[in-house]
Amino acid sequence: METDEGRASTSTAGTAARVRAVIADAGVSQREFARRIVMDPSKLSRALSGTRRFTVAELARIADEGRVDADWLLGTRPPEGETAPAVRVEGGRPLQIVRETVRLIAEHGFHAVRVADIARACATSSAAIHYHFPGRAELLEAAVRWCMDEDTARRATHLAEADDAAAELRQLIALQTPRTAQQRRQWAVWLDLWAEAARSTAVGRLHSEYYRQWRETVTDVLRRGVGQGVFRAGIDPHAAALTLTALIDGLATHVLSVNGPESATAADAMHRTLTTYVTHTILAP
C-alpha cells in the first residue's frame, strides 16, 4: 500500500519533472529561467533535485513564464464532485485557494479563518480544498509563504530598476507604505502574524525568519550606499536598518488603524516622515 509520504514524494518528483520540461521548452539555462521568475538559482536547483518543495507563488510564476496551467505543474485534477468554475481560475485552483486565504486572513484574522470559509470564497467544497492542502495548518503556511514570496519578488523587481542605493531605499519605502488595497492587506496579514511569532508557532517562526531576511535586505542596501558615497560614511548599517524598519512598522500600524478617506492622508504622512528621516540621518549631506 502506498503511504502518504510516498504519494507526497511522487507528487514532488512529478512537479520537478514538469518544471524541467517547462525550462527545456523555454530554451534557456536553468539560471536564466530562475532570473526570469525572480527566484534564487540555488532554490530552483534544490527544488528540481527534490531536496525542497516549490512554493505556490514560485509555481505560479513558473506557470506564467512557461504559459502552462499551475494545476498541471502540480499534477492535480479536480476531485470527484467538484464543479469547475464558469471562468478559468487564473494560475490554477491551488493559487486561487491561497489568494483567497490571504484575503480572508487580512479581513478576519489568522485564527478566524476556517476551511469552510475558504471553500465558500472559492466557490468549491471543503473536500476540494483538502485535496490540494491536506490540513488547515498546511494551507495557512502556504498562504504565509505566498505572501513572503510575492513581497520578495516585488522588492527584487523594483530594486533591479534603481540606479543606486539611495534610489533602492526610496523604492523600499514606497513599497512598505500601505497605500493600495493590496498593500493594506499585506500589512494586515503581517500584523496578525506578529502575534503568532510571539507565541513561537510554526507559522510565527516562519514569519520571524522572513522578517530577519527583510532587515538584512535593508542592511545590505545601506551598506552599498555607504560604499557608493550616497549615504553618510559614519552610519552603522545594522543599527540604521533596525531603526528604520522599526519606524516603518510603527508608522504602518498607525496607517492601518485609520479607515476611509483619512487612510490616504495617513499614508502620505508616513511616506513623508520616512523620507525626512532618511534625508536627515542616512543620506550623505
Side-chain angles (χ1 to χ4, degrees), residues 1-102 115 118-119 122-125 127-154 156-157 206:
M1 179 182 294
E2 187 180 25
T3 65
D4 290 341
E5 183 178 354
R7 283 192 294 271
S9 298
T10 301
S11 175
T12 302
T15 296
R18 285 182 284 275
V19 172
R20 286 194 196 94
V22 170
I23 297 173
D25 287 343
V28 298
S29 68
Q30 187 173 303
R31 178 172 290 276
E32 170 60 18
F33 192 83
R35 186 193 67 78
R36 292 184 180 184
I37 61 173
V38 196
M39 184 177 178
D40 187 298
S42 65
K43 287 187 176 181
L44 177 59
S45 179
R46 293 201 304 274
L48 290 174
S49 67
T51 57
R52 72 178 287 271
R53 287 179 177 273
F54 285 104
T55 68
V56 173
E58 288 166 354
L59 288 173
R61 293 199 294 275
I62 291 168
D64 287 342
E65 179 64 29
R67 300 182 184 278
V68 298
D69 187 80
D71 277 328
W72 175 79
L73 284 176
L74 285 168
T76 60
R77 55 180 174 78
E80 185 177 353
E82 180 181 356
T83 302
V87 179
R88 180 180 175 275
V89 177
E90 182 184 356
R93 177 69 78 187
L95 184 56
Q96 181 204 25
I97 293 170
V98 168
R99 282 172 170 163
E100 288 301 319
T101 301
V102 170
V115 172
I118 299 166
C122 294
T124 187
S125 65
I129 302 296
H130 288 304
Y131 178 81
H132 296 289
F133 302 95
R136 181 178 180 274
E138 289 87 353
L139 175 53
L140 294 176
E141 181 175 336
V144 173
R145 288 188 181 277
W146 180 79
C147 276
M148 295 175 180
D149 286 349
E150 286 295 289
D151 194 51
T152 299
R154 190 160 47 248
T157 299
L206 181 63

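Values in this document were obtained by computation on a predicted structure and should not be read as measured data. Throughout, numbering of the chain's residues begins at 1 and tracks the sequence.
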Considering only distance and modelled atom types, tabulate donor-acceptor pairs under 3.5 Å from the side chains of residues 40-47, sequence neighbours left out.
{"residue": "Asp40", "atom": "OD1", "partner": "Ser42", "partner atom": "N", "Å": "2.7"}
{"residue": "Asp40", "atom": "OD1", "partner": "Ser42", "partner atom": "OG", "Å": "2.4"}

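What you find for Glu100 and Cys122 is that their closest heavy atoms are CG-SG, 3.7 Å. Closest approach of Ala153 to Arg61, counting heavy atoms only: CB-NH1, 3.9 Å. Across all non-hydrogen atoms, the minimal contact from Thr101 to Ala143 is CG2-CB, 3.7 Å. Here the closest heavy-atom approach between residue Val98 and residue Ala142 is recorded as CG1-O, 4.0 Å. Annotation for Gly66 and Val22: closest pair CA-CG1, 3.7 Å, computed over non-hydrogen atoms.
Between the side chain of Glu58 and the backbone N or O of Thr55 there is at least one donor-acceptor pair closer than 3.5 Å.
Atom CG in Leu59 sits 14.0 Å away from atom CH2 in Trp146 (nearest 0.5 Å). Here CZ of Arg20 is found 11.0 Å from OG1 of Thr15. Values are rounded to the nearest 0.5 Å. Here NE2 of His130 is found 10.0 Å from CD1 of Ile97. Values are rounded to the nearest 0.5 Å. Annotation: the span from Ile118 atom CD1 to Leu139 atom CG amounts to 4.0 Å, rounded to 0.5 Å. Here the CZ-CD1 distance, from Arg18 to Ile23, works out to 13.5 Å after rounding to the nearest 0.5 Å.
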Practice problem: Under the side chain to side chain contact (heavy atoms under 4.5 Å, CB included) rule, what do Met148 and Leu206 come out as? Steps first, then yes or no, please. | Solution: CA-CA 10 Å; Met148 295 175 180; Leu206 181 63; 3.8 Å; yes

Exercise. Show your reasoning for whether side chain to side chain contact (heavy atoms under 4.5 Å, CB included) applies to Phe133 and Val115.
Key: CA-CA 10 Å; Phe133 302 95; Val115 172; over 6 Å; no

Exercise. Assess whether side chain to side chain contact (heavy atoms under 4.5 Å, CB included) is satisfied between Val102 and Glu150, documenting all intermediate values.
Key: CA-CA 12 Å; Val102 170; Glu150 286 295 289; over 6 Å; no

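Put simply, the side chain of Gln96 does not reach to within 4.5 Å of the side chain of Thr124, judged on heavy atoms.
Here Arg31 pairs with nothing under the salt bridge (Lys or Arg N to Asp or Glu O under 4.0 Å) rule; sequence neighbours left out. Checked against salt bridge (Lys or Arg N to Asp or Glu O under 4.0 Å), Glu141 has the following partners two or more places apart in sequence or in another chain: Arg145.
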